[in-house]
Amino acid sequence: MAKFTEEVREFFDIRRLVFRIGELAAMTDVSARQLRYWEKKGLIASEEREDGQQARVYTFKTFVRVSMIKYYLDTGYTLAAAGKLAAERQDRVQYIHRFITRGMRGMAQVDGQMAINLGPFDETKTLMALIPEADTDAVHYKLLPNEEAQRVTQNTPA
DNA sequence: ATTCTAACA
DNA sequence: TGTTAGGA
């Protein structure tokens with residue numbers, strides 16, 4: 001089961017989700033010409049292909065970046081301003097994402113309820129956040145002995 | 001079939 | 001920025 005879980009996580013690893021220039025262009029309504037130009041301007045990045053072929057590869061993160069630049073462009077900003085705004089916004093999002101993932105030690109099952117292992121509370125106890133059945137209900141917290149917390153926690157983020 | 005760079009009726 | 005040539 002652990003192996004299967006690992007395989008699933010690997011399969012859905014966002015880093016495996018990459019696009020070529022034609023795909024990204026269609027997805028974002030930004031021309032391939034623009035994408036190459038934006039890259040030359042340093043607004044976006046692309047990877048080299050491993051197989052040595054001369055073709056760009058874009059990550060999901062770059063897809064998001066392109067989408068944001070496109071949005072600011074359509075809103076009326078110049079390309080340079082749109083690029084700057086997109087970069088700043090993505091930096092903030094990344095910071096928040098890191099802040100959150102740092103606190104997540106994995107998913108767990110507590111009292112038959114889905115829960116998030118939030119890590120050590122003190123020397124002997126671990127803080128668990130119990131996810132409510134309905135999203136109108138409040139999140140509840142519970143302290144578990146470290147051993148029990150470890151036992152009910154099913155996986156840990158990469 | 002798709003992408004590359006460089007250049008412009 | 002679009003489009004095209006000519007090659008990979």
Side-chain angles (χ1 to χ4, degrees), chain A residues 1-110 113-120 126-137 139 149-150 152-158:
Chain A
M1 179 59 84
K3 186 170 190 297
F4 175 73
T5 302
E6 185 55 41
E7 285 172 358
V8 171
R9 292 174 68 79
E10 191 174 309
F11 183 83
F12 286 106
D13 187 342
I14 199 94
R15 285 166 294 199
R16 286 185 174 240
L17 189 58
V18 294
F19 315 101
R20 296 178 68 187
I21 199 167
E23 300 174 303
L24 187 59
M27 289 160 63
T28 58
D29 200 30
V30 171
S31 70
R33 171 79 156 95
Q34 284 175 300
L35 291 173
R36 296 188 189 103
Y37 181 68
W38 294 4
E39 178 178 337
K40 194 160 60 174
K41 285 277 169 179
L43 271 42
I44 60 173
S46 75
E47 322 274 318
E48 302 286 330
R49 275 181 57 151
E50 297 291 340
D51 57 18
Q53 287 293 310
Q54 192 183 33
R56 274 166 260 255
V57 168
Y58 298 98
T59 62
F60 186 82
K61 186 176 171 181
T62 301
F63 160 64
V64 174
R65 174 73 69 102
V66 171
S67 302
M68 288 193 295
I69 295 175
K70 164 74 170 164
Y71 166 75
Y72 287 121
L73 224 43
D74 290 347
T75 308
Y77 289 99
T78 64
L79 178 59
K84 191 160 179 278
L85 285 171
E88 289 168 354
R89 170 166 263 264
Q90 203 164 34
D91 282 348
R92 290 200 303 276
V93 169
Q94 189 168 98
Y95 178 82
I96 292 167
H97 180 261
R98 269 205 283 265
F99 179 83
I100 293 171
T101 34
R102 192 167 300 167
M104 297 245 311
R105 302 308 175 84
M107 301 300 295
Q109 198 80 17
V110 177
Q113 220 177 146
M114 223 188 304
I116 298 169
N117 182 328
L118 291 174
T126 297
L127 181 62
M128 311 295 289
L130 275 56
I131 301 171
E133 302 290 335
D135 54 12
T136 52
D137 296 340
V139 174
Q150 174 125 22
V152 297
T153 300
Q154 282 142 15
N155 56 57
T156 51

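So you know, we letter chains A, B, ... as the sequences are listed, proteins then strands, and number each from 1. What you see is a predicted model, and the numbers here were worked out from it, not measured in a lab. In what follows, every heavy atom counts, from backbone to side chain, and hydrogens, waters and symmetry copies are set aside.
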- [ ] List in chain and number order the residues that pass side chain to side chain donor-acceptor pair (under 3.5 Å) with A/R16, two or more places apart in sequence or in another chain; answer none if no residue qualifies.
- [x] A/E10
Task: Interface with DNA chain B, restricted to residues 64-79 of chain A and to heavy atoms under 4.0 Å - done: none
Open item on the list: My understanding is that only residues two or more places apart in sequence, or in another chain, count here; which of them pass salt bridge (Lys or Arg N to Asp or Glu O under 4.0 Å) with A/R65?
Closed with: none
Open item on the list: Using the side chain to side chain donor-acceptor pair (under 3.5 Å) criterion, which residues pair with A/S67? Sequence neighbours excluded.
Closed with: none
Task: side-chain contact (heavy atoms from CB on, under 4.5 Å) partners for A/R102, two or more places apart - done: A/R98
- [ ] Using side chain to side chain donor-acceptor pair (under 3.5 Å) as the criterion, list what pairs up with A/Q150, not counting sequence neighbours.
- [x] none
Task: Length of the line joining A/L35:CG and B/dT2:P, which is rounded to integer Å - done: 16 Å
- [ ] Report the residues that fulfil side chain to side chain donor-acceptor pair (under 3.5 Å) with A/T28, sequence neighbours left out, ordered by chain and then residue number.
- [x] none
Open item on the list: Quick test of your reading: applying ring pair (Phe, Tyr, Trp, His ring centres under 6.0 Å), list the pairs with at least one residue in residues 37-56 of chain A, sequence neighbours left out, ordered by first then second residue.
Closed with: none
- [ ] Any chance you could encode DNA chain B as dot-bracket? Rule is Watson-Crick or G-U wobble with both distances under 3.5 Å; [ ] for pairs crossing earlier ones, | for another strand.
- [x] .|.|||||.
- [ ] Please name all residues satisfying side-chain contact (heavy atoms from CB on, under 4.5 Å) with A/I96, sequence neighbours left out, ordered by chain then number.
- [x] A/I100
TODO: Heavy atoms under 4.0 Å is the rule here; annotate nucleotides 4-9 of chain B 5' to 3' with B where the base is hit, S where only the sugar-phosphate is, and - elsewhere.
DONE: SB-B--
Task: Spacing between A/L24 atom CG and B/dT3 atom C1', to the nearest angstrom - done: 14 Å
Could you tabulate the donor-acceptor pairs under 3.5 Å formed by side-chain atoms of residues 76-86 of chain A, not counting sequence neighbours?
from: A/T78; atom 1: OG1; to: A/A81; atom 2: N; distance (Å): 3.2
from: A/K84; atom 1: NZ; to: A/E88; atom 2: OE2; distance (Å): 3.3

Open item on the list: With a 4.0 Å cut-off on N to O distance, would you call A/E39 and A/R56 a salt bridge?
Closed with: yes
